[in-house]
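Along the sequence shown, residues are numbered consecutively beginning with 1.
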Amino acid sequence: MPVDISKMLSDAAYQAYERNLVQQVKSRPVPEHVAIIMDGNRRFAESIGLRPLTGHEKGREKLEEVLEWCLEAGVKILTVYAFSTENFSRDTEEVGHIMRLFAENFRRAGDEGRVHKNQIRITVLGRRDMLPREVVEAIEYCEARTKGYDKYRLNLAIAYGGREEILDAIRGLVRDARSGKIAPEDVDEKFFSRRLWTADIPDPDLILRTSGEERISNFFLWQLAYSELYFVDVYWPGFRKIDFLRAIRSYQMRHRRFGK
Ligand code: FPP
């Protein structure tokens, strides 16, 4: 096979650029918690002539890669928005396909050597009552196998809706107020945060969305109050390490003021 010199040179330049970005990013504090709205699976697949559903498999593979990048960069907590409550209204074949991916991959993740080696605790945020039984069982298996870890965290928002999460917390508060367990003055920001599905997870420092869409789509509505936002114009399965590193570098250049 002929050697493509120009491709070799451009690959080498690309790798040098990537290494340089890794150095830059590691020379400053990295965000503790990065949250990602993984968007564009179907468009990615269509853009390269594949069936749209194949895009979700590519999306799953990308998530594994991004987790590796987080470990390398020192990002301790990664949350991904994998399936919204609204996504249930997609056609039955697609929802079934994604649910099968969840069931298979939570089982696999629970047994995965890299998860145990790196002590990654995996949890799911969302309305489990909306999920098929085999998905809930796979999630419970994976959570139980990783619950003792606290070095890294991977959270998957599945059957998740930000408004639903807030309403769920409010319902609990109203019940507790009615039975006299809490008084109105007990309810401050910290107290309320502890009633959300993210009760033991710090708010995200950086929220990133792929696919070029610049909206939040009902994700982390309470938690995003002081998050830095970053939008990147590539579909999720096409998200490259340099896109990830640039997002972190952009975060590092910003001056966070928390309203002060
Ligand atoms: C967004 O792209 C993606 C989803 C709604 C599904 C997300 C599922 C995965 C990434 C698979 C993760 C799997 C595991 C096991 C964690 P889209 O379908 O909205 O694509 P589009 O914007 O091009 O229509």
Side-chain angles (χ1 to χ4, degrees), residues 14 17-18 20-22 24-26 28-48 52 55-56 58-87 90 98 125-126 153-158 160-166 198 201-259:
Y14 184 89
Y17 176 57
E18 195 180 278
N20 185 271
L21 274 175
V22 171
Q24 281 183 48
V25 157
K26 285 184 133 187
R28 291 167 180 243
V30 294
E32 181 190 20
H33 181 182
V34 173
I36 304 184
I37 303 174
M38 308 182 288
D39 192 19
N41 286 353
R42 295 180 300 185
R43 279 172 287 171
F44 175 85
E46 278 166 333
S47 74
I48 55 168
H56 298 312
K58 303 274 175 215
R60 193 221 32 96
E61 288 166 18
K62 184 56 62 176
L63 176 56
E64 274 188 39
E65 269 185 80
V66 174
L67 183 58
E68 296 279 354
W69 304 339
C70 286
L71 300 177
E72 184 189 357
V75 171
K76 300 262 180 250
I77 307 171
L78 173 67
T79 301
V80 292
Y81 195 10
F83 198 83
S84 67
T85 42
E86 293 75 25
N87 288 151
R90 293 191 177 186
I98 296 175
L125 316 167
R153 290 197 67 163
L154 171 63
N155 311 302
L156 294 102
I158 294 181
Y160 176 90
R163 288 185 174 179
E164 191 53 37
E165 180 185 29
I166 292 169
T198 48
I201 301 168
D203 289 343
D205 302 296
L206 172 65
I207 298 183
L208 194 159
R209 181 177 187 145
T210 59
S211 92
E213 315 289 353
E214 299 193 0
R215 55 176 174 267
I216 289 299
S217 303
N218 203 14
F219 182 54
F220 272 3
L221 297 183
W222 172 270
Q223 297 84 344
L224 60 64
Y226 296 107
S227 304
E228 297 294 331
L229 305 180
Y230 188 88
F231 300 98
V232 55
D233 195 6
V234 290
Y235 299 135
W236 171 246
F239 186 61
R240 299 160 304 174
K241 190 172 178 183
I242 61 167
D243 299 314
F244 172 78
L245 293 166
R246 282 173 174 162
I248 307 276
R249 187 179 59 178
S250 163
Y251 167 88
Q252 290 171 324
M253 307 281 206
R254 301 183 197 183
H255 175 51
R256 299 182 79 195
R257 301 190 331 178
F258 297 94

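- Judged purely by atom type and a 3.5 angstrom limit, R209 uses its side chain to pair as donor or acceptor with the backbone of R215.
- Atom OG1 of T198 sits about 4.5 Å away from atom CD of E165, to the nearest 0.5 Å.
- Between the CG atom in L156 and the CZ atom in F83 there is a gap of 13.0 Å [rounded to 0.5 Å].
- With D205 contributing its side chain and E32 its backbone, the two residues share a donor-acceptor pair below 3.5 Å.
- Looking only at side-chain heavy atoms (C-beta outward), I201 and L125 come within less than 4.5 Å of each other.
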Practice item. Please test R246 against Q24 for side-chain contact (heavy atoms from CB on, under 4.5 Å), starting from the C-alpha separation and ending with a verdict. Key: CA-CA 10 Å; R246 282 173 174 162; Q24 281 183 48; over 6 Å; no
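- With rounding to the nearest 0.5 angstrom, the CG atom of L63 is 5.5 Å from the CE atom of M38.
- Summarising the geometry of V30 relative to Y251, their closest heavy-atom pair is C-CE2, 4.4 Å, with the distance given to 0.1 Å.
- With hydrogens and angles ignored, the 3.5 Å screen pairs a side-chain donor or acceptor of K62 with a backbone N or O of F239.
- Residues Y230 and L206 meet the side-chain proximity criterion, which asks for heavy atoms closer than 4.5 Å.
- Residue S227 comes nearest to Q223 through the heavy atom pair OG-O, 3.6 Å, listed as atom of the first residue, atom of the second, then distance.
- Checked by atom type and distance alone, the side chain of T210 pairs as donor or acceptor with a backbone atom of D39 at under 3.5 Å.
- Nearest heavy atoms, P29 versus Q252: O-NE2, 3.2 Å.
- No hydrogens or angles considered: nothing links the side chains of E164 and T85 as a donor-acceptor pair under 3.5 Å.
- Remark: the backbone N or O of R163 is paired with a side-chain donor or acceptor of N218 at under 3.5 angstrom.
- Using a 4.0 Å cut-off between charged side-chain N and carboxylate O, E46 and R43 make no salt bridge.
- With rounding to the nearest 0.5 Å, the separation of CD1 in I37 from OG in S211 is 9.0 Å.
- Using cut-offs of 30° and 60° on the angle between ring planes, the pair F220 and H33 is perpendicular.
- Surrounding NZ of K241 are more than 12 heavy atoms belonging to other residues, nucleotides or ligands, all under 6.0 Å away.
- Note that the CD atom of E65 and the CD atom of E61 stand 8.0 Å from one another [nearest 0.5 Å].
- One distance of note links CZ of F219 with CG of L224; it measures 9.0 Å at 0.5 Å rounding.
- Taking both residues in full, the closest heavy atoms of G59 and W236 are given as O-NE1, 3.0 Å, listed atom of the first, atom of the second, then distance.
- Between A247 and L208, the shortest heavy-atom distance links the atoms CB-CD1, 3.6 Å.
- Using a 30° and 60° split on the angle between ring planes, Y81 and Y160 fall in the perpendicular class, above 60°.
- Side-chain N or O atoms of K26 include one that pairs as donor or acceptor with a backbone N or O of E72 at under 3.5 Å.
- Here the shortest heavy-atom pairing between P31 and I248 reads CD-CG2, 3.7 Å.
- Using modelled atom types, one side-chain atom of N87 and one backbone atom of S84 make a donor-acceptor pair closer than 3.5 Å.
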